[in-house]
Amino acid sequence: MSGRRATPFSRRGLLALAAFGLPTVARGAQQGPTGLIAWIEVAQTGRVTEFRAMAAGGAPGAAEFALTAEVEGSGGRNRSRQGGTVHLDGSGAPKTLSRLGLGIGAGATVRVSVTVRGSDGTTSRAELVSTQGQTTDL
């Protein structure tokens with residue numbers, strides 16, 4: 001099955017970004033023939049916003065992922081990257097690939113993306129962009 005599917009977000013995660021006045025828009029991920037799909041979940045803990053790179057489906061085996069986050073605000077620009085290899089069992093159960101906690105100030109622009117490449121070469125990507133007072137769909 002191929003095509004676009006909306007990137008899933010938890011309501012709590014969207015409310016967390018909304019608490020900062022940061023409306024969110026996520027770009028849907030491409031779903032490959034084996035059903036591999038990646039998405040980003042958002043949670044708030046105190047003053048830290050946690051972004052979780054997630055994946056489900058795909059062929060069983062090792063999958064490579066890359067999580068990139070960029071925050072630009074009055075204090076300048078901060079860029080973080082994480083990546084690695086995880087095992088997807090092919091069951092379709094959601095798997096947390098990585099977690100990244102960021103302090104986000106008022107008026108900041110946040111861009112977070114995750115790319116996952118399954119053992120069969122299928123790639124899935126999801127992206128979240130949020131700017132105070134303005135929403136941009138990539």
Nearest heavy-atom neighbours spanning [X] and [Y]:
| X | Y | answer |
| --- | --- | --- |
| Ser119 | Pro60 | OG-O, 3.0 Å |
| Ala53 | Val114 | CB-CG2, 3.6 Å |
| Gln44 | Arg47 | NE2-C, 3.6 Å |
| Ala126 | Ala38 | CB-O, 3.5 Å |
| Gly57 | Leu88 | O-CD1, 3.8 Å |
| Met54 | Pro94 | CE-CB, 4.1 Å |

To the nearest 0.5 Å, what is the distance between [atom1] ([X]) and [atom2] ([Y])?
| X | Y | atom1 | atom2 | result |
| --- | --- | --- | --- | --- |
| Phe65 | Gln82 | CZ | CD | 7.0 Å |
| Thr85 | Glu64 | OG1 | CD | 5.0 Å |
| Thr45 | Glu50 | OG1 | CD | 6.0 Å |

Residue pair [X] / [Y], side-chain heavy-atom distance below 4.5 Å:
| X | Y | result |
| --- | --- | --- |
| Leu102 | Val48 | no |
| Val110 | Phe51 | yes |
| Val42 | Leu128 | yes |
| Glu127 | Val112 | no |

Dump the intermediate steps for side-chain contact (heavy atoms from CB on, under 4.5 Å) on Leu67 and Leu100, then the final yes or no. CA-CA 9 Å; Leu67 173 66; Leu100 177 64; 3.9 Å; yes

Practice task
Could you tell me whether Glu70 and Arg79 have a side-chain N and a carboxylate O separated by less than 4.0 Å?
Solution key: yes

Does a salt bridge link Glu72 with Arg77, judged by any charged N lying under 4.0 Å from a carboxylate O?
-> yes

Quick check against the 3.5 Å criterion: does [X] have a side-chain atom that pairs as donor or acceptor with the backbone of [Y]?
| X | Y | answer |
| --- | --- | --- |
| Thr115 | Arg125 | no |
| Thr122 | Leu36 | no |
| Thr96 | Ser98 | no |

Practice problem: Verify whether one side chain among Thr68 and Arg81 offers a donor that lies under 3.5 Å from an acceptor in the other. | Solution: no

